[in-house]
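The structure appears right after this line, and notes come after that.
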Amino acid sequence: MSRIDFQNVCKRYSPELPLTINNANLTIEQGEFCVFVGPSGCGKSTLLRMVAGLEDITSGDLLIEDQRVNDLPPAKRGVAMVFQSYALYPHMTVGENMAFGLRVLGSDKTEIDRKVKAAADILQLTPLLDRLPKALSGGQRQRVAIGRAIVKEPKLFLFDEPLSNLDAALRVQTRLEIAKLHKDMNSASMIYVTHDQVEAMTLANKIVLLHTGALIQERGSVAQVGSPMNLYHRPVSLFAAEFIGSPKMNLLHGHLVDAQEGYATVKVGEQLIKAAVDARHLKAGEQVQLGIRPEHIPLTSSGAGSNVAGHLQHIERLGDSSLLYVQMGEGQAVTTVKVEGSAIISAGTSLNLCMLPDQLHLFDSHGMACQRTVELPN
Ligand code: ADP
Ligand code: MG
């Protein structure tokens with residue numbers, strides 16, 4: 001029903017300002033749950049508001065179903081938007097708040113009642129239809145705001161950080177409800193904006209990661225587009241590698257010694273480390289960074305990887321897991337290692353960190369990733 005294409009879209013708020021959106025090219029397929037994610041100020045809301053028709057497009061084309069909509073008014077786009085602040089009318093009941101938009105459009109009363117009832121069912125708001133907003137929790141109010149969007153029966157739902165005002169437990173619960181809503185509305189597409197990589201990973205079919213600051217001007221707004229697992233396993237740049245994953249990917253500075261078809265050898269301090277990547281396009285001696293996620297470093301010595309000695313400085317116990325902060329060689333940043341919560345280990349001890357070639361990423365001096373040469377999950 002509703003495919004969205006951004007073609008070379010740029011946005012400049014005023015002539016003396018740099019581009020807020022630089023050359024965005026992307027396609028959101030019908031029925032997809034697409035998440036725009038990136039640090040604060042990277043232009044997520046701007047991009048979303050362009051789809052809604054609330055923001056002018058400086059150059060480039062925005063297509064909905066192959067039709068150029070740059071100049072189409074918001075009401076004609078078949079979209080409904082849910083914001084961070086739910087802004088319900090305080091003197092209207094839940095039911096009246098949900099019905100209001102349709103009433104303004106002059107819809108038939110029985111039709112309005114049917115749509116409100118259906119939306120209330122989906123969102124489990126039926127017992128609350130006669131309450132005023134002040135008698136609702138934050139999560140319930142946000143559900144009413146989502147209900148207001150559902151009754152419009154849009155082709156496309158737009159969410160701008162809808163969970164940011166909720167506490168941690170409610171955020172998780174409402175996140176599940178939004179995922180379920182997407183399933184229940186099987187043909188509607190959703191675009192969801194968040195700065196939270198966990199929300200992006202858990203909700204999206206497609207993640208659009210946006211650059212921030214100088215990277216917007218240098219490389220364009222879009223840093224990477226892909227499935228959650230694609231961004232996790234195959235970040236195309238340091239920026240993407242560091243944004244996705246918590247705790248962050250570890251980075252080890254070194255230089256390239258040798259590059260073969262299936263692997264490269266990097267010297268980090270005095271240590272040679274092999275990574276299963278194709279770095280043949282780089283020059284020997286180039287400054288590079290090896291990346292490895294905290295959850296991918298076994299502490300057992302193994303012939304399959306490079307064994308690096310480290311000193312455990314500090315340990316954080318999270319219950320299900322523990323985070324170890326390990327100093328390897330002189331001048332290297334502290335490496336984070338994630339282990340089982342039951343692991344018996346104490347600060348001050350010496351450890352062996354096993355760097356497995358298949359778990360390593362390699363970034364060149366411009367921060368671009370080399371192709372990994374192992375078979376990875378999608
Ligand atoms: P995000 O939603 O990713 O936090 P925004 O899209 O709100 O980012 O903003 C992106 C950039 O554009 C920010 O630097 C912001 O200051 C700027 N910006 C947003 N709206 C305006 C505006 N109306 N006029 C000028 N600059 C703006
Ligand atoms: Mg925003």
Side-chain angles (χ1 to χ4, degrees), residues 4-26 28 33-62 69-71 73-74 77 79-87 138 141-142 145-146 149 156-166 171 174-175 178 189-204 206-226 228 231 235 237-246:
I4 317 288
D5 285 292
F6 287 85
Q7 297 180 346
N8 308 318
V9 168
C10 293
K11 172 73 182 180
R12 198 188 289 279
Y13 276 104
S14 73
E16 67 282 2
L17 289 174
L19 288 167
T20 290
I21 299 296
N22 183 9
N23 202 30
N25 282 290
L26 59 110
I28 299 151
F33 198 129
C34 177
V35 176
F36 294 167
V37 69
S40 182
C42 67
K44 306 178 292 293
S45 295
T46 302
L47 213 51
L48 192 74
R49 290 167 59 82
M50 285 173 166
V51 180
L54 302 173
E55 209 65 76
D56 288 340
I57 295 171
T58 308
S59 64
D61 295 317
L62 178 70
V69 296
N70 290 39
D71 305 312
R77 295 190 183 200
V79 306
M81 192 152 166
V82 179
F83 300 90
Q84 176 179 341
S85 56
Y86 8 86
R141 286 180 207 175
Q142 191 53 285
I146 295 170
L156 177 62
F157 285 88
L158 306 177
F159 294 94
D160 195 349
E161 311 236 14
L163 308 186
S164 299
N165 285 343
L166 308 182
R171 269 210 299 274
T174 315
R175 190 173 85 202
I178 291 176
S189 314
M190 296 193 171
I191 309 180
Y192 185 103
V193 161
T194 178
H195 62 275
D196 178 354
Q197 59 101 17
V198 176
E199 268 175 40
M201 291 293 284
T202 50
L203 284 171
K206 177 183 276 177
I207 293 180
V208 176
L209 173 63
L210 299 179
H211 278 134
T212 186
L215 286 173
I216 296 176
Q217 315 302 320
E218 278 168 33
R219 299 187 189 171
S221 278
V222 178
Q224 189 166 356
V225 179
L231 267 83
S237 64
L238 265 179
F239 175 77
E242 290 196 278
F243 192 82
I244 301 288
S246 175

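Counting begins at 1 with the first residue of the sequence. Just so you know, these numbers use all the heavy atoms, side chains as well, and skip hydrogens, waters and symmetry mates. First listed ligand is number 1; within each ligand, the first listed atom is number 1.
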* Answer yes or no for atom 4 (O) of ligand 1: protein heavy atom present at a distance under 4.0 Å? => yes

* Do L231 and Q197 touch side chain to side chain, with heavy atoms closer than 4.5 Å? -> no

Enumerate, atom names and distances included, each donor-acceptor pair closer than 3.5 Å involving a side-chain atom of residues 34-44, sequence neighbours excluded.
{"from": "K44", "atom 1": "NZ", "to": "G38", "atom 2": "O", "distance (Å)": "3.0"}
{"from": "K44", "atom 1": "NZ", "to": "P39", "atom 2": "O", "distance (Å)": "3.1"}

* To do: Between T46 and ligand 1, find which residue part has any heavy-atom pair under 4.0 Å and reply side chain, backbone, both or neither.
  => both

* Asked: Which distance, rounded to the nearest 0.5 Å, do you find between the CZ of R49 and the CG of D56?
  -> 10.5 Å

* Identity and separation of the nearest protein heavy atom to atom 7 (O) of ligand 1 -> S45 CB, 3.8 Å

* Under 4.5 Å between any side-chain heavy atoms of F6 and I28, yes or no? -> yes

* Looking only at heavy atoms of G38, does any of them come nearer than 4.0 Å to an atom of ligand 1? -> no

* **Taking atom 18 (N) of ligand 1 as the reference point, the nearest protein heavy atom with its distance** => Y13 CE1, 3.4 Å

* Structure fact -> heavy-atom search around atom 14 (O) of ligand 1 in the protein gives G41 O, 3.9 Å

* Could you list the atoms of ligand 1 found under 4.0 angstrom from a heavy atom of T20? => 10 (C), 11 (C), 12 (O)

* Closest non-hydrogen protein atom to atom 8 (O) of ligand 1, residue and atom name please, with distance? -> G43 N, 3.3 Å

* **Heavy-atom side-chain proximity of S237 to R219 below 4.5 angstrom** => yes

* Asked: To the nearest 0.5 Å, how far apart are NZ in K11 and CD1 in I21?
  -> 9.5 Å

* Purely on distance, is any nitrogen or oxygen of C42 under 3.5 Å from one on ligand 1? -> yes

* Asked: Going by the order shown, which atoms of ligand 1 are within less than 4.0 Å of some heavy atom of S40?
  -> 4 (O)

* Check whether any N, O or S atom of S45, backbone or side chain, sits closer than 2.8 Å to the Mg ion (ligand 2). => yes

* Asked: So do Q224 and I207 actually touch side chain to side chain, heavy atoms under 4.5 Å?
  -> no

* **Contacts of type salt bridge (charged side-chain N to carboxylate O under 4.0 Å, His left out), residue R175, not counting sequence neighbours** => none

